[in-house]
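In this chain, residues are counted from 1 in sequence order.
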Amino acid sequence: MSLGQLHYTSAPPGPDGSGFRFTALTPGLPQSVLREAEQLIGYEPPRNAPARPSAAELDSFPRAFSYSELSDGSRLLARTVYTGADYSGRWGNFHAHAVHLAPGQILPDGALPVSAWESPGWATATPEGGAPPPLSALPPSSGLDRDGLIAFAASRAPWLATVFTDLQRQAEDETAPQIVLVERDSADVARWVVLASTVLPRTAVHRLTFTTYTRRPHLAGQRIIGVLPDDAHGLAGSGRRHRVHDCAVPPDPDGPEPTPWAVAAARIWSAGAIELFQYADRLPGEPFTPGPLSALALCAGIDLPSPHRTAAARWACEHPSELSQEELEGLVQTLAEPGHTPAETRHTPVEPWHTPTEPGQTSAGPRRTPTDPRHTPTDPQPGEAALPAAETGTGTKTGARTGTTPPAETAALAELFARVGGALRPEIAAPLAARLFTAAVRSAEPVRPPGRGALTDEVARRLAAELGPELRAGIADAAADTGRALQLLRVAGALGVDCADLVPSLAHRLASALLADPSAYGGELHGTLADRPDLRSALLRELDAAAGAAPASVTVLLERAPLELESPEALPYLRMCGRIARSPSGGGDRTGTRDRTGELRAVLAAAGVSVVAHPPLLRIAFRLVWASATPTPEEARYVLAEQGADLHRTAATWPFLVTAALNGRPGDPHTDELAHELLTAFPTLLPPRDRAALLLLEFARDLRAGGAEPGWVDRILGLRRAAEPVNPPVLEHVFGRLARQLVHDPGPGRELDDLIRGNDADLCAAYEQAAREDSVRDRLRRDPHYLAARFVDWNAHPQAGGAWGKVRGPLLDGVLRPAVRALGAQELAAVEAALTERGGRYAEDFRAWNRPGALSRLGLRFGSRDNRTPGRRRGGDS
């Protein structure tokens with residue numbers, strides 16, 4: 001490799017002129033490079049410099065050491081020093097010596113540009129001959145030694161994180177502000193550049209331009225600009241272009257927050273572990289993410305704030321194989337014991353300005369690792385992120401810290417332990433496991449600690465003694481979330497803390513919570529019930545008690561939550577709910593019809609307890625099988641017969657049966673049969689209104705069976721008044737039965753006259769509805785005697801108003817007349833003959849009624865034919 005040289009100073013007249021000019025050049029350098037270089041290598045003495053300095057004073061003038069990018073992509077590394085008087089004795093001369101790096105070219109052996117600060121290869125005068133050969137290398141400076149750099153970093157600790165933050169922003173954004181470092185000594189600016197070159201990724205270091213001194217920072221194009229304090233005043237308020245760091249005054253406490261990566265880099269420099277930067281540069285991860293750098297720092301025992309600990313733990317979870325066993329254990333130790341005092345620092349020096357690879361290796365090859373994972377942590381410095389309260393706690397006897405750890409860090413530590421805990425020695429794993437156990441008790445966020453096997457017996461005993469009171473208080477706290485109490489109970493079980501006396505109250509709270517929201521049953525509860533049989537038994541007992549009061553709620557819970565019901569205890573109510581919840585179809589035939597009486601038997605069998613010995617089971621079984629529905633009269637009759645009246649009386653389930661009768665489907669013969677059976681089984685228990693309603697249904701049964709005594713209408717209307725308000729199905733059933741009987745076979749009494757006199761609108765309406773049934777229409781057309789009887793009945797009491805007056809006309813015109821018109825002459829003659837047999841003028845009235853024309857019909861309707869045949873009964877049978 002060859003580096004073209006340039007020398008520039010004030011020289012006597014020659015072929016190229018006089019004054020400041022290039023006095024020696026390596027042949028072949030382009031004129032464009034020379035023109036740009038001439039603008040970069042000038043020098044102005046400090047404002048307060050002596051006009052005619054002595055030799056000693058000249059040595060104290062700042063050195064302008066710069067690394068600049070040219071427009072063609074090449075680079076210029078230059079050193080300019082003040083030399084005093086020129087050849088003519090005029091003061092203000094300087095000498096610049098520079099080397100040119102072609103585009104893409106770097107210094108030999110991968111040396112960083114800053115390594116050439118005060119290199120022995122720099123000249124302070126133009127060499128003889130005028131055409132210096134290309135340089136093969138620039139030997140590194142001896143003035144930037146490791147110890148001196150560490151001491152310098154310590155002296156600049158308040159500014160490290162903020163400067164590194166600006167470096168990160170420059171590397172990520174080319175339009176980021178330039179960094180202006182205000183130092184009294186240009187050598188200190190060079191040291192800043194060394195620090196920057198060490199922390200930046202190697203891909204960014206060779207692009208970092210800088211100058212250690214300039215009088216005109218506004219005109220400087222480098223990324224890092226060094227100025228003396230007198231030259232920094234004009235930069236105030238230029239924050240968009242310049243970020244000024246004056247190391248003579250404290251940093252602004254209200255300045256921008258340092259980035260996590262910058263804080264980690266500052267801590268590492270303060271700890272003197274600079275080889276970690278090269279190590280981190282070869283680890284997987286995006287540039288400037290805090291994970292790899294923080295992990296290495298923590299491996300080495302360097303304390304970092306909580307966000308860095310979180311980032312390190314998560315990075316180690318993703319890349320556990322990138323760390324050696326020693327490094328991994330060092331990381332775990334630091335995460336578990338952040339308040340410890342580490343051992344003395346011992347590191348193999350690695351010069352930060354040389355190539356990051358060994359000869360013959362690539363950057364992905366074997367890496368150099370720290371020989372000892374411990375560094376002395378430093379206190380937070382101004383400008384760095386302050387440690388959270390939890391980070392400042394002291395270690396406890398168990399290795400857990402006091403204070404509150406941020407939830408993100410705790411979650412990352414739990415994830416790390418789950419990932420690598422099994423590969424750690426017990427004495428290394430136990431402190432981190434203890435911290436997770438402590439966090440599970442003290443953290444406001446849920447934390448799942450590792451298993452008991454992660455703790456040594458000694459650590460477990462100490463944790464139990466320390467956390468026992470907190471565990472018991474947390475489990476007993478009725479205002480706390482039940483999930484929190486479950487977690488604490490599991491921790492208590494792992495540590496052997498006795499909490500058996502707290503289990504019943506916790507079970508009661510759990511039962512209430514589950515009944516209110518069945519979705520609350522989850523993995524935490526399932527796991528805890530598996531670990532704590534005493535809690536499981538107590539919870540089942542609570543749910544059994546709840547099932548006795550609210551079986552529907554318990555059934556819903558068991559439908560949605562996979563709660564195991566296996567138990568040596570009876571738990572009859574809970575088992576019945578489980579039978580319904582786990583077999584919702586309850587049987588049934590192929591059409592989907594439910595066999596609810598079969599369900600009732602199955603539910604009672606599931607209780608595992610005799611219903612005779614425990615009659616309340618029958619009531620709960622009823623509620624489970626029928627819920628808010630009502631048994632059908634047929635089901636009620638079956639249940640009454642199967643269980644017996646005595647059991648229903650003791651279990652207080654007879655009201656279910658009464659309700660079934662009073663809500664039975666009208667026309668269902670089981671309805672009035674059930675009413676008869678209930679009146680027989682519970683004669684003294686029935687309330688008067690229900691008894692009257694059941695008597696109505698029973699009378700309908702007697703009518704259907706033909707055993708009712710005359711006076712039907714008066715009997716039914718009297719019972720109706722006693723049962724008011726009567727369930728509509730009961731009224732429809734009874735009135736329908738009576739109306740059909742009156743329409744088809746009025747009986748020997750004066751039932752129709754009683755109906756008309758009773759003036760009951762519902763009964764009259766039921767009579768009309770019965771008369772309009774198809775069976776009546778068919779019979780009217782087939783049976784002349786039946787038609788004659790109905791003509792006599794419906795033509796009776798033509799002047800009666802009220803309810804009968806509203807149905808008489810529609811019966812004659814809407815039912816009887818269509819039937820008569822459908823008859824032939826022979827059938828009409830048969831009807832008239834039947835009317836003639838009845839005597840009186842019935843036949844004449846029929847012929848007049850059937851004659852076309854409204855007048856005859858009106859006369860028939862409103863005339864009084866009853867008085868013509870005194871003593872003849874109306875409503876006679878057909």
Report the relative orientation of the aromatic rings in Phe152 and Trp192; use parallel for angles under 30°, tilted for 30 to 60°, perpendicular for over 60°. perpendicular
Kindly say whether Gln278 contributes a backbone atom to a donor-acceptor pair with the side chain of Arg282 at under 3.5 angstrom? yes
Taking 4.0 angstrom as the limit, do Arg452 and Asp457 come out as a salt bridge? yes
Using a strict threshold of under 4.0 Å (side-chain N to carboxylate O), is an ion pair present between Glu470 and Arg484? no
For Arg419, does the CZ atom sit with more than 12 other heavy atoms under 6.0 Å from it, leaving out its own atoms? no
When you measure from the side chain of His308 to the backbone N and O of Pro260, does any donor-acceptor pair fall under 3.5 Å? yes
With the side chain counted from C-beta on, respond yes when Asp231 and Leu228 share a heavy-atom pair under 4.5 Å apart, and no when they do not. yes
Would you check if Arg169 and Pro256 make a side-chain contact, meaning some heavy-atom pair closer than 4.5 Å? yes
Distance-only, no hydrogens or angles: does the Thr212 side chain make a donor-acceptor pair with backbone N or O of Phe65 under 3.5 Å? yes
In short, ring pair (Phe, Tyr, Trp, His ring centres under 6.0 Å) pairs touching residues 310-329 with sequence neighbours left out are Trp315-His319
Hey, mind stepping through Val193 and Trp117 against side-chain contact (heavy atoms from CB on, under 4.5 Å) and telling me if it holds? CA-CA 10 Å; Val193 177; Trp117 165 262; over 6 Å; no
So, Glu69 and Thr209: side-chain donor and acceptor under 3.5 Å apart, yes or no? no
Side chain Ser119, main chain Gly121, donor-acceptor under 3.5 Å: yes
Flag the pair Arg223 and Glu174 as a salt bridge only when some basic side-chain nitrogen lies within less than 4.0 angstrom of an acidic carboxylate oxygen. no
Any donor-acceptor N/O pair, Ser294 side chain to Gly291 backbone, under 3.5 Å: no
Regarding Thr259 and Gln168, is there a side-chain donor-to-acceptor distance under 3.5 Å anywhere? yes
Just by distance, do the side chain of Arg243 and the backbone of Gln178 share a donor-acceptor pair under 3.5 Å? no
Under a 3.5 Å distance rule, please check whether Asp109 uses its side chain to pair with a backbone N or O of Ala111 as donor and acceptor. no
Is the number of heavy atoms from other residues, nucleotides or ligands under 6.0 Å of Glu286 CD greater than 12? no
Please check: side-chain N/O of Thr198 versus main-chain N/O of Val194, any donor-acceptor pairing under 3.5 Å? yes
So do the side chains of Arg462 and Val459 get within less than 4.5 Å of each other, counting heavy atoms only? no
List the steps and the verdict of side chain to side chain donor-acceptor pair (under 3.5 Å) for Gln333 and Glu329. CA-CA 6 Å; Gln333 281 183 303; Glu329 291 185 352; over 6 Å; no
Step-by-step side chain to side chain donor-acceptor pair (under 3.5 Å) determination, Thr211 to Gln222: CA-CA 7 Å; Thr211 179; Gln222 292 86 358; 5.0 Å; no
Between Arg63 and Thr80, is there a side-chain heavy-atom distance shorter than 4.5 Å? no
Is the shortest side-chain N to carboxylate O distance from Arg202 to Asp281 below 4.0 Å? no
Arg191 (side chain) donor-acceptor with Ser186 (main chain) under 3.5 angstrom: no
Taking the side chain as every heavy atom from C-beta outward, state whether Val491 and Pro449 have any atom pair closer than 4.5 Å. yes
Compare every heavy atom of Leu160 with every heavy atom of Ser270, then report the nearest pair and how far apart it is. OG-CD1, 3.7 Å
Would a 4.5 Å heavy-atom cut-off, applied to side chains only, mark Leu181 and Ile224 as touching? yes
Keeping Thr334 on the side-chain end and Leu298 on the backbone end, is there a donor-acceptor pair under 3.5 Å? yes
Could you check if a side-chain atom of Val447 sits within less than 4.5 angstrom of a side-chain atom of Val441, using non-hydrogen atoms only? no
Do the ring planes of Phe288 and Trp261 sit parallel (below 30°), tilted (30 to 60°) or perpendicular (above 60°)? perpendicular
With the threshold set at 4.0 Å, does a side-chain nitrogen-carboxylate oxygen contact exist between Glu183 and Arg156? yes
Check the pair Thr410, Leu413 against side-chain contact (heavy atoms from CB on, under 4.5 Å), reporting the backbone distance first and the verdict last. CA-CA 5 Å; Thr410 303; Leu413 294 181; 5.6 Å; no
Does any part of the side chain of Val263, heavy atoms only, come nearer than 4.5 Å to the side chain of Pro305, both counted from C-beta? yes
Sequence-distant partners of Tyr213, ring pair (Phe, Tyr, Trp, His ring centres under 6.0 Å), two or more places apart: Tyr43
